[in-house]
Amino acid sequence: METTTPPAPERSDFIREIVTTDLREGTHESIVTRFPPEPNGYLHIGHAKSICLNFGIAEEFGGRCHLRFDDTNPVKEEQEFIDSIEADVRWLGFDWGEHLYFASDYFEQLYAWAVHLIEAGKAYVDDLSADEIREYRGTLTEPGRESPWRDRSVAENLDLFARMRAGEFPNGARVLRAKIDMASPNINFRDPVMYRILHAVHPRTGDAWCIYPSYDFAHGQSDAIEHITHSICTLEFQDHRPLYDWFIENLPVPSRPRQYEFARLNLTHTVLSKRILLRLVSEGHVRGWDDPRMPTLSALRRRGFPAEGIRDFAAMIGVARADSVVEVEMLEHAVRDVLNREAQRRFAILKPLKVVIENYPEGEVEYVEVQNNPEDPSAGTRPVAFSRELWIERDDFMEDPPKKFFRLAPGREVRLRSAYFVTCTEVVKDDAGEIVELRCTYDPDTRGGSAPDGRRPKATLHWLSVAHAVPVEVRLYDHLFASEYPGADGRDLFDDLNPDSEIVLRDSFVEPSLAEFASGETVQFERLGYFCPDVDSSPGAPVFNRTLTLKDTWAKLQKQGRHD
RNA sequence: UGGGGCGUAGCCAAGCGGUAAGGCAGCGGACUUUGGAUCCGCCAUGCGUAGGUUCGAAUCCUACCGCCCCAGCCA
């Protein structure tokens with residue numbers, strides 16, 4: 001039988017290079033990676049980088065990727081998080097097949113290996129308190145001191161460890177430690193804790209255990225049990241690698257995994273610390289883990305970001321070992337790129353201004369055909385009602401326009417997309433001087449949006465027939481944090497929260513055809529941005545989230561003051 | 001000041017001794033029934049700094065500078 005070599009992936013980074021080499025040199029016949037979240041919170045865009053890396057490599061090299069929950073700390077972990085993590089990974093587009101695992105599945109094996117180390121004289125039960133252990137550990141520049149309990153007999157250690165498991169001691173009374181080197185310059189080698197007593201109910205094992213392995217004692221061995229070949233984690237675990245290796249080397253594990261580290265994702269205008277995300281939720285700065293302003297995958301999904309855009313983003317930013325902060329604009333670009341290609345177009349008026357077409361017959365309604373997606377003719381067209389009274393966008397009219405404002409103004413002719421050219425003849429104001437209505441005339445010869453004489457207005461506006469428009473609530477989202485680097489320069493991170501990260505509009509209208517999109521699909525509101533129906537919608541009261549704005553040259557000019 | 005890492009454009013990132021990819025952002029232009037999209041052009045005589053090796057250095061060597069991580073019974 002012929003063995004086929006998987007085609008070399010065009011995207012390359014140092015990890016894929018290592019994998020390529022390992023495969024070529026026969027270090028491994030096939031590769032196995034894993035994504036190992038702790039179920040103590042929701043997955044966010046930073047996890048997406050890791051998910052795309054681990055599952056992506058498995059896919060590209062014909063290997064497999066496991067989903068393994070690192071559930072060794074029951075005081076922080078919950079079933080709710082396990083469920084959301086599974087849903088989010090699936091939504092992102094990855095499949096772990098049969099390979100769903102939990103570190104807690106290995107508790108019995110891990111316990112046996114702890115006993116093995118005790119018997120080999122390489123682990124001991126320590127009676128020191130947490131505070132004492134810290135004191136004995138030394139500092140970055142001074143070596144630590146050995147615990148007075150370090151030289152207990154194997155028999156005593158075995159007995160004590162068994163009684164720890166049996167529940168004879170309260171939380172914190174004793175720990176099991178590896179006996180390595182209290183003077184090591186690598187602090188992780190100064191007799192790291194392997195087991196601690198935690199009388200807590202575990203989401204999976206319930207009250208079967210009251211001692212739990214530490215990350216260091218669980219992770220590498222879990223990898224070994226699953227025959228993980230490349231254990232990919234973030235940079236802060238570099239110092240743990242020697243310890244990871246030490247356990248592997250000193251235990252009769254079934255395989256020899258290797259750990260590789262890459263730089264975690266940082267994004268401008270965004271915070272990806274689980275601790276802070278938890279505070280944003282618990283202190284009510286946002287409405288929940290899936291609040292559309294959050295960087296969690298569930299929030300991005302609710303916001304209307306397509307999974308493909310997130311995957312493209314991950315591919316775009318690459319994988320390296322240098323600390324970095326990616327501009328959030330790159331994520332937004334990846335998302336717009338997908339949406340521009342795939343999203344159906346619809347008309348919506350966010351801030352309505354009434355237009356009356358004076359020379360259009362009262363009571364008459366006609367339907368014009370509008371393209372659903374100019375980028376994709378196969379998306380077809382839809383009929384949109386046109387009549388004498390229309391809504392246009394308030395921002396599309398200026399009574400006294402600056403030079404570079406191309407839209408509607410007194411006496412000026414513009415195109416109503418796919419309908420007619422109209423000319424503003426009169427501006428109607430209320431007693432306060434507020435513009436309440438525009439009177440216009442239309443040119444019947446321009447039906448469909450082009451003139452027989454070939455004249456071309458400088459602007460094309462979207463519009464809606466007043467009698468046919470459906471009222472909706474629209475939520476405009478912007479960066480949760482106003483500053484590029486939240487909390488930088490000693491500022492309190494929460495002072496950097498953007499007060500305008502959510503603006504709710506209650507007088508908006510959409511086309512009736514938008515009813516079909518209750519499913520959650522993201523659509524483009526022409527000239528405005530991408531929007532999707534929110535779960536807060538109820539029958540007769542639709543709510544739309546703004547996923548992203550369209551790029552807006554006019555807005556940029558305004559911001560720069562270059563419009564004149 | 002112990003140990004472990006990392007420095008290539010505003011941002012991300014290729015580059016693996018043969019003369020600085022690509023993307024994002026930005027700027028200019030073309031086109032346009034979305035001020036969107038698309039297309040074209042511009043954007044590092046320079047790779048943290050200083051020396052050295054070499055015909056040739058972002059790539060090798062030396063020294064220095066800067067930044068990040070580690071002193072949880074978190075992961």
Side-chain angles (χ1 to χ4, degrees), chain A residues 12-13 17 36-38 40 70 72-73 75-76 126 128-130 133-135 137-144 171-177 183-190 192-198 211-212 214-216 218-219 233-242 261 263 265 268 274-275 313 315-334 336-337 340-341 345 347 370-371 374-375 404-407 415-419 421 446 448-450 456-462 484 524-529 549-557:
Chain A
S12 196
D13 51 64
E17 246 169 61
E38 182 190 12
N40 68 344
D70 230 330
T72 57
N73 184 3
V75 319
K76 290 186 174 175
D126 194 347
L128 252 30
S129 70
I133 285 181
R134 190 184 322 117
E135 283 171 36
R137 186 152 34 223
T139 68
L140 295 177
T141 52
E142 305 155 26
N171 288 356
R174 298 178 218 265
V175 292
L176 183 71
R177 293 227 256 167
S184 173
N186 182 343
I187 288 179
N188 294 300
F189 264 21
R190 322 245 263 228
V193 170
M194 295 165 55
Y195 270 92
R196 72 280 212 194
I197 299 170
L198 249 31
I211 58 172
Y212 291 91
S214 63
Y215 165 85
D216 287 310
H219 202 95
C233 62
T234 44
L235 251 27
E236 65 270 27
F237 291 99
Q238 285 175 104
D239 292 346
H240 293 247
R241 189 178 350 123
E261 311 87 15
L265 173 70
T268 56
K274 270 195 188 179
R275 204 188 93 249
F313 168 69
M316 210 187 304
I317 59 175
V319 177
R321 287 176 65 87
D323 289 316
S324 61
V325 184
V326 175
E327 292 177 338
V328 73
E329 286 78 7
M330 244 203 254
L331 207 213
E332 295 172 351
H333 169 82
R336 285 196 185 98
D337 197 46
N340 173 56
R341 219 161 47 228
R345 272 60 170 174
F347 289 164
V370 183
Q371 273 198 98
E375 301 293 317
K404 289 184 179 168
F405 183 86
F406 305 147
R407 283 109 93 146
R415 168 166 44 229
L416 294 183
R417 175 141 230 231
S418 303
F421 291 3
T446 58
S450 56
R456 291 136 67 108
K458 288 200 74 170
T460 300
L461 272 41
H462 59 282
E484 210 172 2
Q524 183 191 108
F525 287 179
E526 286 217 34
R527 302 207 308 129
L528 297 172
T549 61
L550 249 29
K551 285 176 72 182
D552 189 342
T553 308
W554 169 240
K556 192 160 69 183
L557 288 177

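Below, all heavy atoms of this structure are taken into account, side chains as well, without hydrogens, waters or symmetry copies. Everything quoted here is computed from the prediction, not taken from an experiment. Chain A is the first sequence line, chain B the second, and so forth, proteins listed ahead of strands; every chain is numbered from 1.
Every residue meeting the ring pair (Phe, Tyr, Trp, His ring centres under 6.0 Å) condition with A/Tyr195, not counting sequence neighbours, appears here in chain and number order: A/Phe161, A/Phe217. Residues meeting the ring pair (Phe, Tyr, Trp, His ring centres under 6.0 Å) test with A/His462, sequence neighbours left out: none. Qualifying ring pair (Phe, Tyr, Trp, His ring centres under 6.0 Å) partners for A/His240, counting only residues two or more places apart in sequence or in other chains: A/Phe237. The ring pair (Phe, Tyr, Trp, His ring centres under 6.0 Å) search around A/Phe405 returns A/Trp554, not counting sequence neighbours.
Looking at heavy-atom distances under 4.0 Å, A/Arg134 makes contact with sugar-phosphate atoms alone, never a base.
Atom CG of A/Asn40 is separated from atom CZ of A/Arg275 by 13.0 Å, given to the nearest 0.5 angstrom.
A sub-4.0 Å separation between OP1 or OP2 of B/C73 and a side-chain N or O of A/Arg177 is absent. For A/His462, no side-chain nitrogen or oxygen approaches OP1 or OP2 of B/U34 to under 4.0 Å. Regarding contacts with the backbone of B/G36, a side-chain N or O of A/Thr553 is found under 4.0 angstrom from either OP1 or OP2. For A/Lys76 and B/G72, the shortest distance from a side-chain N or O to OP1 or OP2 is not below 4.0 Å. Listed pair A/Lys551 / B/U34 fails the phosphate criterion, with no side-chain N or O lying under 4.0 Å from OP1 or OP2. The phosphate of B/A14 (OP1 or OP2) has no side-chain N or O of A/Ser12 nearer than 4.0 angstrom. Put simply, A/Arg196 has a side-chain N or O that comes within less than 4.0 Å of OP1 or OP2 on B/C74.
Relative to the side chain of A/Ile317, the nucleotides B/C12, B/C69, B/A71 differ in distance, and B/C12 lies closest. Among the nucleotides B/G35, B/A75, B/C73, the one closest to the side chain of A/Phe405 is B/G35.
Applying the 3.5 Å distance criterion, the base of B/U34 shares a donor-acceptor pair with the side chain of A/Gln524. Taking only distance into account, the side chain of A/Arg345 meets the base of B/U34 through a donor-acceptor pair shorter than 3.5 Å.
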Per-nucleotide protein contact string for nucleotides 4-11 of chain B (B base, S sugar-phosphate only, - none; heavy atom under 4.0 Å): SSS---BB

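One atom, CZ of A/Arg407, and another, P of B/G36, lie 11 Å apart when rounded to the nearest Å. In this structure, CG of A/Asn73 is placed 10 Å from C1' of B/C73, rounded to the nearest angstrom.
The pair A/Lys556-A/Asp552 does not meet the salt-bridge criterion, since no charged nitrogen lies less than 4.0 angstrom from a carboxylate oxygen.
When the nearest nucleotides of RNA chain B are assigned to A/Glu375 and A/Ala320 by heavy-atom distance, the more 5′-ward of the two goes with A/Ala320. Remark on RNA chain B: of its neighbouring residues A/Phe237 and A/Arg456, the 5'-side contact belongs to A/Arg456, judged by nearest-heavy-atom nucleotide.
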RNA chain B base-pair string [pairs: Watson-Crick or G-U under 3.5 Å; |: paired with another strand]: .(((((((.[[[..)..(...]]].(((((.......))))).....[[[[[..)....]]]]])))))).....

